[in-house]
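Report on one structure; see the data block that follows.
These values consider heavy atoms only, across backbone and side chains, with no hydrogens, waters or symmetry-generated copies. All ligand and atom numbering here is 1-based and tracks the order in the structure.
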Amino acid sequence: MAKKTRVTLGFPGHFREVAVSIPEGEPAPWGFDADLKVVGKRVPRVDGPDKASGRARYTFDLKLPGMLHAAVLRCPHPHARLKRIDTAKAEAHPEVRAVLILEEREYRFAGAEVAAVAATTLAAALEALRLIEIEYEPLPFVTDPEAARRPDAPSVRPDGNVAVSAEKRRGNVEKAFREADATEEVTICTPVALHTCLEGHGSLARWEGDRVTVWDSTQAVFDVRDSLARALKLPPEKVRVIKDHAGGGFGSKLQMWPHTPIAARLAKLAGAPVRLLLSRREDFLCTGNRHSSVQTVKLAAKRDGTFTALSWRSYGTGGVEGGAQTSGIIEGMYDIPSLEVREEDVFTHAGPACPMRAPGHVQGAVALEAAIDTLSEKLGLDPLEVRLKNDKSAIRRAELRLGAERIGWGRRRPSGSDRGPLKRGLGVAGTTWDGSGLPGPEVEIVIGAGGEVEALCGTQDIGTGTRTILAQVVAEELGLTADQVTVRLGDSYFPYSMLSGGSLTAACVTPAARAASAKARTALLKLAAGRLGADAAELETSGKEIRARGSDRKISWASALREAPGGRLSVRAERQGNFEGYETGAAGCQFAEVEVDIETGKVRVVRVVAVHDSGRILNPLLWESQVNGGVIQGISFALLEERIIDHRFGKVLSADMETYKVLGALEVPEIEVVPFPVAAGFNNTQVVGIGEPAIIPTAAAVANAVANALGVRICDLPITPDRVLNALESIAKGRG
Ligand code: MOS
């Protein structure tokens, strides 16, 4: 039986009540004016002390008795066939316990796995790799996406190096362009970027009989379990995957990579646990990247700035695998009556792409927002006004107004009019993402005989604070403080949850936690009702005591639990489907102020204002941390990050943290994080994810600010000093 209830949706000035059906047993959403004690508070991370003191165990910290260390022999060529391999000398090494030759005989990127060894020390394993005699037959290769597109290019995949990934048309685009008052076209190039997690990829495998346990640095314990079961030809219940703490993932740990089954197979061969941790270099070459893009975006508008048509042509490469779409951002942002999209994936002999924090949207935002600024200037209109006119989200329009006030948009000068030598500029961009969650995940609440509370869920905390928000939600429902709840997660033996990706986790697991806690609460009150001689409906609980409302009769949880079978409680609940559609996704916008030194070409981001909606904010400390992280990673992408390949040799030149540059602490600007509270009544905690929406607009806003400062657009990211100086020189020549 579903019950009807009314919930409030909207944002200040635009609240409205809607009726929603709540499934039986499911708690109704908390009102946005509810007096919550733990949820919405700046509760420090429950695992903060463990992390700060070094007690927290990451996969890279784990050691087991008798554990062996593994290393992988990787193909040095971008494309080659195995001609001969002889592992006899490696096998004879006194410290080597297992040698594995992988089945694959053709390697399609430098870094592909060829063989692996396990030895008593890592040094011995690396030494044994050098004892493997190997001959390759080098094959024709192509790592440059431009070259890979040519018909005579060396073949990367049997079905061709180019695949159309998106094609879409609506309206009469040609007519709309002909009849527009103004059109502008920009071509924006973005590089391959790398996830650069603090903790890299690694697995530790241990067999007990025909069962294997793998500790893996992953965003997806259940997906790794299933993939590993397939790879080892085992039923999934014989595979257990554990991930306690992780130093980030950003999308690079959503899938199982080859090192995981390699560790498991070596452990089986050696009859001992095997730990295989990838080096930074291996991580950079082999475990995914953000695909590059070449986006040609043409936008048409009426004189007043109303968009009439958009043409989006894009291609990009993710190496041997992975899509390269960028146009996904359009529909959540602007109303455009006539649209054509054509996108292609280009395959090259380089390490594979995989999702990276808001895949495609980060790149797409740079192109879309560049086209809007360019067209606005042509029409002589304020680019902010043009956005306000076309933005389809009322939430984001309100956020744009608020952000403009905070950054001081009124100070923005016409592009290129700051005389320098330190030229200032302002830019803006929007974000959209749907992290409203999915049904399916389960949480189990266990209340032990002494009243101790545990919440169990197979979800994983990838550093975002999932443990803490789960503790808060359970505590809120049970009348406790967050530190009275022990959250156990990151284990495929716990109740099912999905991967931690797509900014879905908070909105997936907290509703299940709340529903399970509500069930536990009901069960506790029922137990107490008999003892107190009261109706369960008159009882309330806080501080592990149950009392009748308006009376001083009370009993402790521990004594109420004596009535329970086994003296304890254990209940589970599953995340239900969303009650009501959430119209816009997580809307937001960011404003950037930059200063460009026209003598050195260096860009400094001075200030960023980030205005974001993500439904209810469970914990402002963690939420701000996500937004800060998104902004920092976005600036890094705009100004520094780039995987560089020498296409003559197909060799990655930036496979370490010295040559692959990321933003340093001293380059982080002042970031003003502005929560924009929106009531969203679609699940019982009313949460929407914030991890990905927070990075989407940053590089776009920075690039627009640089264009505003200089009066010329730098169309290639990252915006490095040499590109700034070249752009300035081109204007000077144009004038000369
Ligand atoms: Mo994210 S790219 O879904 O970790």
Under 3.5 Å, is there a donor-acceptor pair between the side chain of Asp50 and the main chain of Arg55?
-> no
Parallel, tilted or perpendicular: which fits the ring planes of Tyr58 and His245, with parallel below 30° and perpendicular above 60°?
-> tilted
Report the relative orientation of the aromatic rings in His361 and Trp433; use parallel for angles under 30°, tilted for 30 to 60°, perpendicular for over 60°.
-> perpendicular
Does Lys661 pair with Glu641 as a salt bridge, N-O distance under 4.0 Å?
-> no
Any salt bridge between Arg57 and Asp244, counting N to O under 4.0 Å?
-> no
Please identify each residue that fulfils side-chain hydrogen bond (donor to acceptor under 3.5 Å, both in side chains) with Glu331, with sequence neighbours left out.
-> Lys168, Arg170
Below 3.5 Å only, please: the N or O atoms of ligand 1 paired with protein N or O atoms, distance on each line.
residue  : atom  : partner : partner atom : Å
ligand 1 : 3 (O) : Gly502  : N            : 2.5
ligand 1 : 3 (O) : Glu692  : OE2          : 3.4
ligand 1 : 4 (O) : Gln219  : NE2          : 2.9
ligand 1 : 4 (O) : Gly251  : N            : 3.0

